[in-house]
Amino acid sequence: MFAFGVVAIPAGHLGRRQGKRLGGRDRGMALLGIVTGWILTLFSLLLVLAYAGLLAGLAFLADSAS
């Protein structure tokens with residue numbers, strides 16, 4: 001999921017530039033790609049942080065139980 005977001009951001013910027021040359025055609029779709037790419041990237045990072053927090057919490061509980 002992270003890789004899709006990372007690819008969507010520069011592809012969206014390239015699409016916006018191409019749309020500018022074509023007179024504004026499909027610039028909205030390129031903007032949607034940029035926004036979606038950033039949302040996917042942030043969501044992926046939040047998932048990684050949540051997973052790391054879960055593992056740290058479980059390690060803490062396992063350590064305190066013994």
Side-chain angles (χ1 to χ4, degrees):
M1 192 161 41
F2 178 77
F4 294 127
V6 171
V7 169
I9 296 167
H13 283 289
L14 289 172
R16 295 263 304 170
R17 188 177 306 142
Q18 183 72 17
K20 193 175 192 180
R21 276 189 256 153
L22 294 175
R25 209 170 107 206
D26 292 333
R27 290 188 78 201
M29 192 65 78
L31 180 61
L32 182 65
I34 295 169
V35 171
T36 304
W38 278 111
I39 290 172
L40 277 173
T41 303
L42 292 175
F43 184 69
S44 296
L45 291 175
L46 285 174
L47 279 176
V48 168
L49 288 175
Y51 185 69
L54 176 69
L55 290 179
L58 288 174
F60 177 76
L61 287 175
D63 187 41
S64 66
S66 57

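All of these numbers come straight from a predicted model, not from anything done at the bench.
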Out of curiosity, [X] [atom1] to [Y] [atom2], how far, rounded to the nearest 0.5 Å?
| X | Y | atom1 | atom2 | result |
| --- | --- | --- | --- | --- |
| L31 | D26 | CG | CG | 12.5 Å |
| L49 | L45 | CG | CG | 6.5 Å |
| I9 | I39 | CD1 | CD1 | 10.5 Å |

Heavy-atom pair with the smallest gap, counting every atom of [X] and [Y]:
| X | Y | answer |
| --- | --- | --- |
| A30 | G15 | CB-C, 3.6 Å |
| G33 | A8 | O-CB, 3.7 Å |
| K20 | R27 | N-CD, 3.8 Å |

- Only one of V35, T36, I34 passes side chain to side chain contact (heavy atoms under 4.5 Å, CB included) with W38; say which it is. I34
- Message: Is it the case that the side chain of S64 and the backbone of L61 share a donor-acceptor pair, with hydrogens and angles ignored and the cut-off at 3.5 Å?
- Response: yes
- Cluster question for you: counting only ILVMFWY and a side-chain heavy-atom cut-off of under 4.5 Å, with indirect links fine, are V6 and F43 together?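 Each belongs to a different hydrophobic cluster.
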- Task: For residues L40 and F2, determine if any side-chain heavy atom of one lies less than 4.5 Å from a side-chain heavy atom of the other.
- Result: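 No. Closest side-chain heavy atoms not under 4.5 Å.
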